[in-house]
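Inspection log for the structure reproduced underneath, given as structure tokens.
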Amino acid sequence: MIQQSHLERPAFTRDVNLASGGLGASIVSVTDDFFADASRMLADTDAVFIADKYDDHGKWMDGWESRRRRGPGHDSAVVKLAARGRITGFDVDTSHFTGNYPPACRIEACASEGEPDAASDWVEVLPMSALGASAHHFFACEAAESFTHVRLHIHPDGGVARLRVHGRPELVASAGSETLDLASALNGARILAFSDAHYGSYHRLLAPGRGVNMGDGWETRRRREPGNDWIIVELGARATLATASIDTAFYKGNFPESFSIQAADLTGFSDNLEQAVVTSSMFWPELIARTPLSADAIHDIGADGLADIGPVTHVRLNIFPDGGVSRLRLFGTLA
């Protein structure tokens, strides 16, 4: 069965979450987070509700929650994005906030070399928009500029479980000038589809650093039928790839026996042709031949292990027959 990420969600949710704490986003300032620390709003995992968990300030909530306002004004939080980029949309998630969600929100953004200050030029990228109880709220963004920070305003107070700021990180390198990891989410790579992602967090396959545990990567269920599992990645930019690295950190009794990578130049394909990409991927040329893997290890593939197939925009990582991969790195230069 072919599973594709976020089929039931807007297309922009396939873009990188620039407000991901796991990618390096952070809270710069907040007017009030008495009930729940604003940094929880940037967590990569889905929000949870623990019925009997309380702390010194009251009910523990998995997200940002301000105290009840008793006067004029509203609350806000400034977030430094994980990378400078063009914003394509937002997910303001109020999961588990039922009687304490904000009735409305709006979002501003700015581009700043350091922390924003009174002189920063904030641009409204989401006008005042209604929010409801315990739900995802998806809002597209049409702004063409690149930004480094966003400011979430909630009116007047309340709780937000998660803030996702989807977008395309800005690449500053020029063609052929610098070797980049084109499979890095911070360079704009994104996952388009996969055969299975039963365990772990598949989007962490493109995250920086090494995995911190067995849940920090892409892992499939145990395959009980013929075939193999796969995942398709759109690179951050069209590039000529030179080396690769596959990391099976923490996958010890469940690492794949081997892997291979296919790749293709799909310049001109649009977001709504995702199914065509999946179908065509079966016939893409082989970039890296089937190669054995081992437990809990980094596997570096040098230039002699990559076929010369020219510039590419998409890759398909095949694992045989199933298992877990923590990180994928694909180094090359912009075409």
Side-chain angles (χ1 to χ4, degrees), residues 1-7 13-14 16-17 20-23 43-48 62 181-186 189-235 241 243-263 274 277-278 281-282 284 286-302 305-306 314-331:
M1 175 181 176
I2 292 176
Q3 298 180 353
Q4 295 178 320
S5 54
H6 305 308
L7 273 181
T13 60
R14 291 195 293 269
V16 177
N17 175 22
S20 161
L23 292 179
D44 290 320
T45 54
D46 291 336
V48 298
D62 192 11
D181 177 6
L182 278 307
S184 169
L186 292 176
R190 57 181 187 156
I191 291 169
L192 292 188
F194 45 77
S195 59
D196 182 78
H198 188 82
Y199 299 108
S201 300
Y202 66 86
H203 62 278
R204 296 291 295 165
L205 183 71
L206 311 183
R210 298 197 73 193
V212 296
N213 55 43
M214 203 172 73
D216 192 20
W218 169 51
E219 184 185 359
T220 69
R221 59 179 170 80
R222 298 189 186 212
R223 179 169 279 271
R224 302 306 191 192
E225 61 276 335
N228 68 279
D229 286 312
W230 49 266
I231 192 164
I232 294 174
V233 177
E234 180 182 1
L235 301 180
L241 300 178
T243 61
S245 181
I246 309 293
D247 188 357
T248 57
F250 293 97
Y251 295 104
K252 300 175 182 179
N254 50 352
F255 64 93
E257 179 272 334
S258 57
F259 82 97
S260 71
I261 294 181
Q262 297 166 269
E274 186 174 305
V277 173
V278 172
S281 70
M282 293 185 289
W284 293 352
E286 194 170 69
L287 178 70
I288 300 177
R290 187 165 173 173
T291 303
L293 290 172
S294 57
D296 193 22
I298 296 174
H299 307 78
D300 292 325
I301 311 297
L306 276 69
H314 294 68
V315 299
R316 169 172 159 147
L317 170 61
N318 300 298
I319 57 173
F320 301 93
D322 54 35
V325 176
S326 176
R327 298 290 188 269
L328 170 67
R329 312 264 188 245
L330 294 170
F331 299 96

Approximate separation, where rounding is to 0.5 Å, of [X] [atom1] and [Y] [atom2]:
X    : Y    : atom1 : atom2 : value
I301 : R329 : CD1   : CZ    : 14.5 Å
R222 : H198 : CZ    : NE2   : 11.0 Å
D181 : F331 : CG    : CZ    : 4.5 Å
L205 : L328 : CG    : CG    : 5.0 Å
L241 : L235 : CG    : CG    : 6.0 Å

Might you point out which heavy atoms bring [X] and [Y] nearest each other, and give the distance in Å?
X    : Y    : result
V233 : A189 : CG1-CB, 4.2 Å
G324 : P256 : O-CD, 3.2 Å
A47  : D62  : CA-OD2, 3.3 Å
G227 : P321 : O-CB, 4.0 Å

Residues at least two apart in sequence or cross-chain that pass side chain to side chain contact (heavy atoms under 4.5 Å, CB included) with N254, listed by chain then number, are M214, E219, Y251

Among residues at least two apart in sequence or on other chains, which ones pass side chain to side chain contact (heavy atoms under 4.5 Å, CB included) with A185? V16, L23, L206

Residues in salt bridge (Lys or Arg N to Asp or Glu O under 4.0 Å) contact with R316, at least two apart in sequence or another chain: none

Salt bridge (Lys or Arg N to Asp or Glu O under 4.0 Å) with D322: which residues, sequence neighbours excluded? none

All pairs passing salt bridge (charged side-chain N to carboxylate O under 4.0 Å, His left out) where residues 198-216 contributes a residue, at least two apart: D44-R204, R204-D216, R210-D247, D216-R327

Tell me the salt bridge (charged side-chain N to carboxylate O under 4.0 Å, His left out) pairs involving residues 286-296, sequence neighbours left out? E257-R290

Should I261 and N318 count as side-chain neighbours, where that means a heavy-atom distance under 4.5 Å? no

Are I191 and R14 packed together at the side-chain level, in the sense that at least one heavy-atom pair is separated by less than 4.5 angstrom? no

Name of the residue among D196, I319, D229 meeting side-chain contact (heavy atoms from CB on, under 4.5 Å) with R223: D229

So, S281 and H314: side-chain donor and acceptor under 3.5 Å apart, yes or no? no

Backbone N or O of [Y] within a donor-acceptor pair of the [X] side chain at under 3.5 Å?
X    : Y    : value
H299 : I246 : yes
S258 : L293 : no
S260 : T291 : no
S201 : H203 : no

Walk me through whether W218 and I231 qualify under side-chain contact (heavy atoms from CB on, under 4.5 Å). CA-CA 9 Å; W218 169 51; I231 192 164; 3.6 Å; yes

Within a reach of under 6.0 Å around CG of D300, are more than 12 heavy atoms found that belong to other residues, nucleotides or ligands? yes

Give the intermediate values and the outcome of ring pair (Phe, Tyr, Trp, His ring centres under 6.0 Å) for residues F259 and F320. CA-CA 6 Å; F259 82 97; F320 301 93; 8.8 Å; no

